Amino acid sequence: MSVVVRMAPSPTGFLHIGGVRTFLFNWLFARQQGGRNLLRIENTDTTREVAEAVDQIKDSLLWLGIDWDGEPTFQLDRMDDCREIAQRLVAEGKAYEDEGAIRFRMPDEGATAWDDLVRGRIEVANETIEDVVLVRSDGRPTYNFASPMEDVWDGITHVIRGDDHVSNTPKQINIIRAVGGDIPAYAHVPSIFGTDGKKLSKRHGAVRVNEFRDAGYLPEAMVNFLALLGWAPDGETTIMSRDELVARFSLERVSSSPSQFDYAKLDWMNGMYIRALPEDEFAHRLVLWLGEHGYDWDAELVRKSAPLVQEKISKLGDFPGFAGFLFEDVEASVDGNAEVVLAARDALAALEPFTAESIEAALRGVVEELGLKPRQGFQPIRVAVTGSTVSPGLFESIELLGRETTLARLSAAAA
RNA sequence: GCCCCCAUCGACUAGCGGUCCAGGUCGCGGCCCUUUCAAGGCCGUAGCGCGGGUUCGAAUCCCGCUGGGGGCACCA
């Protein structure tokens, strides 16, 4: 039996990071099993907003490298089929009309049970399950009817979804049984909390995939981090490529307890991925990110400055704050330290060649001449040139900045 | 209120009866390196929620408690 799973976002807004983690698990499982991963939009109406949301969802998924097989399907398109089935169930006595709506007749005795792939066996007494509405009095099928029906029609073999659906599962199983469909295997993955143990929301920080993208996180780092939220291949491995994730993923090893989203660890991991990038690839991504986020900085200079920051930033969005002085004017004054700054200016005024190496030699000479420790001498120069006490390497920065601008900034700061 | 689920360092987790006076990673602290900040190296900090069982032996199995979460819609 070939595996078929589905990702079922509701088109109510932008893609939530918690939902994406669930989609990632579907994707990893499907790819590993050589199965199909479907994209199903659970919309109950069709509006411009829905269309936009769907585009947004596709875009975010693709950015992360989570793809799907075949065309996305829309729940709305199958409402007629649902109504037909509901009528049949009524005719068979398995459902009944109730004030214009159609309700499903749940079994009164016994229990409904399934072996959840992550939770283990779950049993629910049938007497505690109410007769759910299948079709509303206005004719629209409900989620608890449409969703399992679509699972049947699509031949879904494994339903991998958030654990907020655990209590819907026995209802859906009974409905599938009533229509004679195959019951898929279920895997309910735990939810993701914020740092206060409450459900992850904007309060805690970024929650939409888009926000992470805008902040300059790398998709491969996001995928690695998300995969490790509620799943681990062993107790040692942390950094894993997409291929390794696919190869090692298993639903049986998905944790049954919820986990907190640790932004600090994500930052660390993203830094790991940034540093692991080949120099030119990193430069390339920086240029793209800057272009997409409203910076019209010289691409060539960005590429040249990329190596200076690759070891220092944890996300692409850190670049402007760190290397912006190369592209925009700075304001700085070094009152009390004018002497070393002016000496530096004089030493660099006619320096040939104007390279990081020669600049370093010249400035070390200046500092030594004045009897200063490197730290004492270089810091005022750094402030004068970069406008900040924190910067990329000073000598490389000065080389990139160029003689003219450097001298002007040194003079201005000492004034 | 009723149903269901969950419980190892601050966080993510490994552990599926002895190899665990509990291992890895982030964070945090210290040291080294060092032109700042990072990165990197080394060292360290910190945990099996509580109470009963079962067993020669329990983080691991069972029960209860406590704490947390989800659901109980003609929402999805």
Side-chain angles (χ1 to χ4, degrees), chain A residues 8-12 41-44 75 98-103 116 118-120 122-125 127-130 132-147 161-171 188 190-195 197-199 225-239 252-253 255-269 271-272 274-275 308-314 318 321-322 359-360 363-364 367 372-383 386 388-398:
Chain A
S10 50
T12 47
I41 309 298
E42 303 198 317
N43 61 322
T44 50
Q75 190 163 88
D98 175 31
E99 294 188 42
I102 298 177
R103 280 186 188 277
D116 198 283
V118 341
R119 301 301 184 97
I122 299 178
E123 278 192 44
V124 181
E127 58 181 346
T128 65
I129 310 173
E130 74 279 9
V132 295
V133 169
L134 261 23
V135 180
R136 300 179 181 83
S137 51
D138 66 2
R140 291 154 57 230
T142 58
Y143 164 81
N144 266 322
F145 182 39
S147 184
R161 61 188 3 173
D163 68 357
D164 48 330
H165 287 292
V166 169
S167 54
N168 286 328
T169 304
K171 301 172 189 171
H188 288 97
S191 39
I192 295 177
F193 291 157
T195 39
K198 300 271 168 50
K199 253 197 160 165
F225 179 77
L226 254 19
L228 254 20
L229 234 39
W231 174 79
D234 54 51
E236 317 294 311
T237 317
T238 304
I239 302 292
E252 286 70 23
R253 288 191 66 87
S255 162
S256 47
S257 57
S259 43
Q260 291 189 23
F261 195 101
D262 186 347
Y263 291 91
K265 189 164 185 175
L266 205 214
D267 281 354
W268 164 79
M269 188 172 282
M272 292 290 286
I274 281 183
R275 277 170 254 130
L308 308 197
V309 303
Q310 188 166 5
E311 295 271 301
K312 298 174 184 294
I313 63 177
S314 66
D318 294 339
F322 212 73
I359 292 165
E360 174 166 6
L363 292 184
R364 282 194 189 281
V367 166
L372 296 170
K373 289 180 178 168
R375 184 192 193 99
Q376 296 174 304
F378 291 141
Q379 203 59 351
I381 300 174
R382 180 191 314 285
V383 169
T386 70
S388 166
T389 55
V390 175
S391 80
L394 181 57
F395 318 120
E396 293 80 0
S397 295
I398 289 176

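Everything numeric in this text was worked out from a predicted model, so none of it was measured. Just so it is clear: chains get the letters A, B, ... in the order the sequence lines come, proteins before strands, and each one is counted from 1.
Judged by distance alone, the side chain of Glu311(A) and the main-chain N or O of Arg275(A) form no donor-acceptor pair under 3.5 Å.
One C1' atom belongs to rU60(B), the other to rG23(B), and the distance between them is 15 Å to the nearest Å. Taking atom P on both nucleotides, rG49(B) is separated from rA11(B) by 12 Å, rounded to a whole Å.
Ala101(A) comes within 4.0 angstrom of a base, heavy atoms only. Counting non-hydrogen atoms under 4.0 angstrom, Glu99(A) reaches a base of the nucleic acid. Heavy atoms of Arg375(A) sit under 4.0 angstrom from primed sugar atoms or phosphate atoms, though from no base atom. Using a 4.0 Å heavy-atom criterion, one finds that Phe225(A) contacts no nucleic acid atom at all. Counting any heavy atom pair closer than 4.0 Å across all strands shown, Ser257(A) reaches sugar-phosphate atoms only and no base atom. Note on Leu394(A): a base of the nucleic acid sits closer than 4.0 angstrom, heavy atoms only. Within 4.0 Å of His188(A), counting heavy atoms only, lies no atom of the nucleic acid at all. Using a 4.0 Å heavy-atom criterion, one finds that Asp267(A) contacts no nucleic acid atom at all. Counting any heavy atom pair closer than 4.0 Å across all strands shown, Gly393(A) reaches a base atom. Counting non-hydrogen atoms under 4.0 angstrom, Ser391(A) reaches a base of the nucleic acid. Contacts of Thr142(A) with the nucleic acid, taken as non-hydrogen atoms under 4.0 Å apart, involve only primed sugar atoms and P, OP1 or OP2.
Distance from the side chain of Lys312(A) is smallest for rA38(B) among the nucleotides rA38(B), rG40(B), rA76(B). In this structure, the nucleotide among rG40(B), rU13(B), rG69(B) sitting nearest to the side chain of Phe193(A) is rG69(B).
Checked by distance alone, Lys265(A) brings a side-chain donor or acceptor within 3.5 Å of a matching partner on the base of rU25(B). One cannot find a donor-acceptor pair under 3.5 Å joining the base of rC6(B) and the side-chain atoms of Ser256(A).
Listed pair Arg119(A) / rC6(B) fails the phosphate criterion, with no side-chain N or O lying under 4.0 Å from OP1 or OP2. Distances shown here put a side-chain N or O of Ser259(A) below 4.0 Å from the OP1 or OP2 atom of rU13(B). Side-chain nitrogen and oxygen atoms of Arg253(A) include at least one within less than 4.0 Å of the OP1 or OP2 phosphate oxygen of rG15(B).
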For this session: Output, in order, the C-alpha distance, side-chain angles, deciding distance and verdict of ring pair (Phe, Tyr, Trp, His ring centres under 6.0 Å) for Phe225(A) and Tyr263(A).
Result: CA-CA 10 Å; Phe225(A) 179 77; Tyr263(A) 291 91; 8.3 Å; no
